[in-house]
Structure formats: C-alpha cells, structure tokens
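The structure under discussion appears below in the form of structure tokens.
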Amino acid sequence: MYLKHALRAATALTFVATAAAHAQTITIATVNNGDMIRMQGYTDNFTEATGIEVEWVTLEENVLRQRVTTDITTKGGQFDIMTIGMYETPIWGANGWLVPLDGLSDEYDVGDILPAMSGGLSHEGTLYAAPFYGESSMIMYRTDLMEKAGIEMPDAPTWEFIREAAAAMTDRDADINGICLRGKAGWGEGGAFITAMSNSFGARWFDEDWKPQFDQPEWADTLNFYVGMMNESGPAGYATNGFNENLSLFQQGKCGMWIDATVAASFVTNPTDSTVADSVGFALAPDTGLGKRSNWLWAWALAIPAGTEQADSAKQFIEWATSKDYIDLVAENEGWANVPPGARTSLYENPNYQEVPFAKMTLESILSADPNNPTVKPVPYVGIQFAAIPEFAGIATQVSQEFSAVYAGQQTVEEALAKAQAFTAEEMEAAGY
C-alpha cells in the first residue's frame with residue numbers, strides 16, 4: 001500500500017528513471033514535531049522509488065534554529081535540506097543563501113499552495129521553500145470541563161473570557177490546569193506566543209521609526225495579564241513549557257484550554273495518543289476588542305541551502321514530501337485528520353477533509369492572519385509573531401529570556417520590560433536603524 005503511493009508519486013513528480021542506479025544520500029535537518037516525525041516513517045517509500053537515501057537530523061525547535069542558522073551563515077554544508085519557516089525564508093532567499101524552487105513539475109501544482117503560505121515563503125515572487133504544513137494558532141479546549149463549569153466557549157472569545165474560564169476549570173486537587181500556554185524562552189517558542197498575544201492588546205515591537213516600544217503601557221498590560229492568568233490557572237513550571245510540553249499536558253488531560261498552533265489539533269484528537277480525544281473543541285484565538293486577534297501565521301517548510309552538491313536530489317525529496325500524493329498516502333494509512341494541514345487549497349476543497357472537526361477553524365484562523373498589518377497601530381515591519389528583519393532572531397531570543405525569567409518569578413514585569421527596551425534599542429542602533 002505504501003509502495004503503491006510512492007511509485008505513483010514518483011511518476012507524477014517526474015523522477016528520473018536512472019536515480020536508483022546512482023544512489024545518493026541527502027541529509028535533512030528538521031524539527032521534532034509530530035508531523036515531521038511521521039514523515040520520517042514514510043521515507044523508505046521515497047528511497048525505494050528513487051534510490052536516494054535520506055539521513056535525518058531531528059532537533060528540538062530552539063536547537064534546530066541555532067544549528068541551521070549557523071550552518072547557512074558559515075556555509076558549513078552539513079545539510080542538503082533545512083526545515084525553516086516564514087521568518088528565515090525571505091531573508092535567506094534575498095541573501096542568495098537558498099536554492100530557488102523554480103522549475104517544479106506541473107503535476108506538483110505550485111498554484112495549489114495556499115497564497116498565505118507561498119507568499120510568506122517567497123522573495124520578490126520566487127518560492128524559496130515549500131510548506132510541509134502551514135498553521136495559525138487557535139484555542140483547543142475541553143468541552144467536558146467547560147460543561148462541568150457551566151460555561152460555553154464562544155467561537156471568537158475575548159481574553160477576559162479566557163481568564164475567567166481558565167479559573168473556573170482549574171482543579172488543583174485533580175491536577176487540572178485551566179490553561180496551558182508557552183513560556184519557554186526562544187523567539188519561536190514563548191517569544192512567538194507572547195508577541196502574537198501582545199498584538200491583541202495593542203502592543204508592537206517597534207513604532208514607525210523603528211523605536212522599541214517595550215516602555216509603552218500595552219506591553220505591560222500584556223505581560224501582567226499573562227502572568228496573572230498563568231499564576232492563577234496555569235501549570236507549575238510554565239516558564240519552561242513550549243509546544244511539545246504543553247501538547248503532552250493536554251493529551252494527559254491536565255489542561256482545560258491550550259492556545260497554540262492549529263497543527264496540534266490532529267494530535268489532541270487522536271485517541272491513540274490523547275486521553276481526551278473525544279472531548280476537544282476549537283475556537284479562534286482571543287482578542288481584547290481592539291480589532292486584532294492573537295493568532296499567528298507560520299509554515300514549517302523545506303528549503304535547499306545554496307552550495308549543496310545534492311540540489312537535484314533535494315528538490316526531488318521536497319516535491320515528494322510536500323505533494324498532493326504524500327497527503328493521499330498519509331490519509332489512506334492514517335486517516336484524513338492526520339495529513340499535513342494548512343499548505344494546499346485542494347485539501348480544504350476535499351469533501352473528506354471537510355469532515356475533519358478542526359479543518360474549518362484551522363483554515364479560518366490562517367485566512368484571518370495578516371502579516372502585512374499585524375498590529376493595532378502602524379508598524380514598519382511584516383510579520384505577526386516576528387518582525388521580518390535579520391536582527392530580530394537575536395534580539396527576540398534575549399527578550400524572551402527576560403520574559404521567561406518573569407514567569408519563573410526571578411524578576412518583575414517592570415524589570416523585564418526595562419531590560420528589553422534598553423537591549424533592543426542598543427541592538428537596533430548598532431544595526432543602523
């Protein structure tokens with residue numbers, strides 16, 4: 001069954017017939033998220049069809065970002081394919097650090113990629129990474145605990161409702177936390193969450209003159225609300241919890257609500273892994289009534305670093321792993337709920353996928369995210385949970401560490417924001433802004 005799909009994909013993607021006779025090995029760096037781990041389980045199909053061997057380097061998210069950034073900037077050449085996202089791709093593409101993904105086959109159908117994803121993975125109209133899956137963020141909540149507490153989740157709740165609902169669902173004696181949220185340091189971990197949240201409170205990283213805004217009341221409002229809610233209703237040690245830690249807590253029945261990547265929906269509703277699979281509902285990320293919700297936009301995507309000697313083989317793998325046929329392969333063997341979401345228009349037009357309970361909310365969340373207008377007040381940058389400038393990753397990593405120190409009780413909100421303001425201003429001035 002696996003081989004049938006692999007061979008069909010090989011034909012559809014015009015793999016060269018002589019590939020097996022010239023066996024090569026490509027090395028792929030990827031993140032340790034569930035969909036990526038699932039993809040590794042199907043890699044033998046690709047190798048059987050093409051003769052191309054695949055070696056995986058699977059890393060925790062923060063470590064992955066460090067490794068691939070170091071490798072691409074130093075031309076280390078460790079990887080033939082890198083798993084990167086919407087922040088890195090346009091910047092690295094503009095620098096000439098990535099192989100353009102032009103010339104993909106007609107059968108691959110580049111035009112089928114959701115515009116939100118292809119736009120975020122392109123520079124000046126050229127695609128530099130192909131989305132394995134796309135995501136926004138949304139609320140995943142326990143319907144049984146909501147019912148027990150006598151409350152009902154709106155489709156588009158406010159942060160104030162979320163705080164009240166979290167308190168109502170918290171049961172310390174039963175080890176149930178009303179809400180689980182990222183607090184882990186890292187610009188793409190807790191930093192991504194608090195930045196997206198801050199947008200809904202009217203905060204922004206920079207004003208129109210690139211001046212940092214951490215000394216403004218909107219950031220204090222964001223952090224004070226977050227810390228207050230998490231201290232009331234969050235898990236112990238939330239300062240070190242990222243995506244995978246919160247996923248585990250939710251699957252174990254220890255979270256009333258979790259606001260995070262839409263891609264997590266398939267894992268919290270999978271009865272094989274989740275003890276609460278039959279009691280999960282979905283809603284849009286919260287707002288405060290200012291016109292911006294707290295949802296982000298992201299894609300984990302596959303890109304080819306310039307200078308690799310395996311560019312042709314790497315492109316064949318990317319065509320295979322991000323194709324419609326790969327989606328069909330996973331659907332046939334693991335069900336439609338477990339296919340990589342958020343990347344292709346045709347998936348959301350498929351009647352089988354439309355029956356998946358979280359499909360509609362995922363698409364609605366993705367389509368409502370606007371990286372060109374991410375904040376209440378005007379900003380000079382593109383990006384919702386990040387600012388798409390080269391300096392951001394380093395600055396935001398430091399800022400997120402200051403915020404995590406607040407969550408851990410090591411400093412106050414005021415102290416962290418003062419440090420964030422001073423550090424960011426210094427770095428931006430040094431960079432010439």
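- Ring geometry for Phe243 versus Trp258: interplanar angle of 30 to 60°, hence tilted.
- Judged purely by distance below 3.5 Å, without hydrogens or angles, the side chains of Ser368 and Glu364 never pair a donor atom with an acceptor atom.
- Applying the 6.0 Å contact sphere to CD of Glu232 captures more than 12 heavy atoms from other residues, nucleotides or ligands.
- The number of heavy atoms from other shown groups lying within 6.0 Å of CD (Glu147) does not exceed 12.
- Residues Ile366 and Met117 form a side-chain contact, since some pair of their non-hydrogen atoms from C-beta on lies under 4.5 Å apart.
- Under the side-chain contact (heavy atoms from CB on, under 4.5 Å) rule, Leu417 has a single partner from Asp215, Leu223, Val406, Thr222, which is Leu223.
- Residues Phe317 and Asp80 are not in side-chain contact: their nearest non-hydrogen atoms beyond the backbone lie 4.5 Å or more apart.
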- Begin from the C-alpha positions of Trp336 and Asn338 and carry the test side-chain contact (heavy atoms from CB on, under 4.5 Å) through to its verdict. CA-CA 5 Å; Trp336 281 101; Asn338 294 308; over 6 Å; no

- Verdict with supporting geometry, Phe403 and Trp219, ring-ring contact (aromatic ring centres under 6.0 Å, His included): CA-CA 11 Å; Phe403 290 175; Trp219 266 108; 5.7 Å; yes

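- Counting heavy atoms from C-beta outward, Phe193 and Asn246 have side chains that stay 4.5 Å or more apart.
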- Item | Working for ring-ring contact (aromatic ring centres under 6.0 Å, His included), residues Trp300 and Phe132 | CA-CA 6 Å; Trp300 277 119; Phe132 183 69; over 10 Å; no

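- A distance of 9.0 Å separates CG in Asp221 from OG1 in Thr288, rounded to the nearest 0.5 Å.
- For the residue pair Trp56 and Thr30, no side-chain donor N or O sits within less than 3.5 Å of a side-chain acceptor on the partner.
- No side-chain heavy atom of Thr158 sits less than 4.5 Å from a side-chain heavy atom of Pro286.
- Met82 places a side-chain heavy atom less than 4.5 Å from the side chain of Asp71.
- With a 4.5 Å cut-off on side-chain heavy atoms, Ser200 and Leu290 do not count as touching.
- Two residues are said to be in side-chain contact when any heavy atoms from C-beta on lie closer than 4.5 Å; Ile194 and Tyr407 meet this criterion.
- Classification of Lys184 and Glu61 as a salt-bridged pair fails, no side-chain N sitting under 4.0 Å from a carboxylate O.
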- Item | Full working for side-chain contact (heavy atoms from CB on, under 4.5 Å) between Thr69 and Trp92 | CA-CA 10 Å; Thr69 300; Trp92 293 3; 3.7 Å; yes

- Query: Between Ser365 and Phe282, does a side-chain contact (heavy atoms from CB on, under 4.5 Å) hold up when you go through it step by step?
  - Reply: CA-CA 11 Å; Ser365 298; Phe282 306 96; over 6 Å; no

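- No side-chain heavy atom of Ile384 sits less than 4.5 Å from a side-chain heavy atom of Phe386.
- A cation-pi arrangement is absent between Arg182 and Tyr226 under the rule of less than 6.0 angstrom and at most 45 degrees off the ring axis.
- More than 12 non-hydrogen atoms from other residues, nucleotides or ligands lie less than 6.0 angstrom from CG of Asp207.
- Between Glu402 and Ala416, the shortest heavy-atom distance links the atoms O-CB, 3.8 Å.
- Between the side chains of Tyr238 and Asn177, not a single donor N or O lies within less than 3.5 Å of an accepting N or O.
- Listed by first then second residue, pairs satisfying salt bridge (Lys or Arg N to Asp or Glu O under 4.0 Å) with a partner in residues 368-392 read Glu218-Lys377, not counting sequence neighbours.
- Across every non-hydrogen atom of Leu114 and Thr345, the tightest pair is CD2-OG1, 3.5 Å.
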- Task: Please test Tyr381 against Trp210 for side-chain contact (heavy atoms from CB on, under 4.5 Å), starting from the C-alpha separation and ending with a verdict.
- Result: CA-CA 9 Å; Tyr381 55 86; Trp210 292 104; 3.9 Å; yes

